[in-house]
Amino acid sequence: MPQTVLVVEDEPHIVDSLSFLMKKAGFDVFIARDGDAALRMVESRPPDLILLDIMLPRRDGFEVLKYVRSNDAWKEMRVILLTAKGRDVDRLKGMELGADDFVTKPFSTKDVVRLVKQHLGVEEKLA
């Protein structure tokens, strides 16, 4: 059974590229375009990893992360924050709330795929 990745992002081109590359890497991918939709997805089918934008409509990524980390049933779920907010204070806040990693936009989608594989314990295949 493939591992699952929830992409929580409101920028369509980022959603499309991350979704395509995650599927190509062998993951099942689900998409949420705002914080409320992300929480509904997490509750209905908890993913193995969340790629979570911080600046989202309805409920920001920090709120989503805080909610996820407040539930012991989801303590193994990995969360990687994606953000245009590259300031140290934002990184610190994300890590204090329990993020497993932090990626600043713009980013290489291939690097994000590599990071997801690393956090999920998936071996990289040599080209």
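Treat the numbers as computed from the prediction; the structure is a model and nothing was measured. Below, each value reflects all heavy atoms present in this structure, side chains not excepted, and no hydrogens, waters or symmetry copies.
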[Y] side chain reached by [X] side chain, heavy atoms, under 4.5 Å:
X: Met95; Y: Leu92; value: no
X: Asp101; Y: Leu81; value: no
X: Phe102; Y: Thr83; value: yes
X: Ile80; Y: Val116; value: yes
X: Pro46; Y: Met77; value: yes
X: Pro57; Y: Arg33; value: no
X: Ile50; Y: Arg78; value: no
X: Met22; Y: Leu51; value: yes

Electrostatic pair [X]:[Y] at N-O distance under 4.0 angstrom:
X: Arg91; Y: Asp88; value: no
X: Asp36; Y: Arg59; value: yes
X: Lys105; Y: Asp53; value: yes
X: Lys66; Y: Asp60; value: no

Is it the case that the side chain of [X] and the backbone of [Y] share a donor-acceptor pair, with hydrogens and angles ignored and the cut-off at 3.5 Å?
X: Glu9; Y: Glu11; result: yes
X: Asp28; Y: Thr4; result: no
X: Ser44; Y: Met41; result: yes

[atom1] of [X] to [atom2] of [Y]: how many Å apart, nearest 0.5 Å?
X: Leu65; Y: Leu97; atom1: CG; atom2: CG; result: 5.0 Å
X: Phe27; Y: Leu21; atom1: CZ; atom2: CG; result: 11.5 Å
X: Asp100; Y: Gln118; atom1: CG; atom2: CD; result: 10.5 Å
X: Asp111; Y: Phe107; atom1: CG; atom2: CZ; result: 10.0 Å
X: Leu18; Y: Leu82; atom1: CG; atom2: CG; result: 6.5 Å
X: Met55; Y: Phe62; atom1: CE; atom2: CZ; result: 10.0 Å

Minimum-distance pair of heavy atoms, taken over all atoms of [X] and [Y]:
X: Leu6; Y: Ala38; answer: CD2-O, 3.9 Å
X: Leu52; Y: Gly61; answer: CD2-O, 3.3 Å
X: Arg69; Y: Gly98; answer: NE-O, 2.9 Å
X: Ala37; Y: Ala32; answer: C-CB, 3.8 Å
X: Ser19; Y: Val29; answer: OG-CG1, 3.7 Å

Side chain to side chain contact (heavy atoms under 4.5 Å, CB included), that's the test. Do Leu115 and Val103 meet it? Break it down for me. CA-CA 10 Å; Leu115 195 58; Val103 177; 3.5 Å; yes
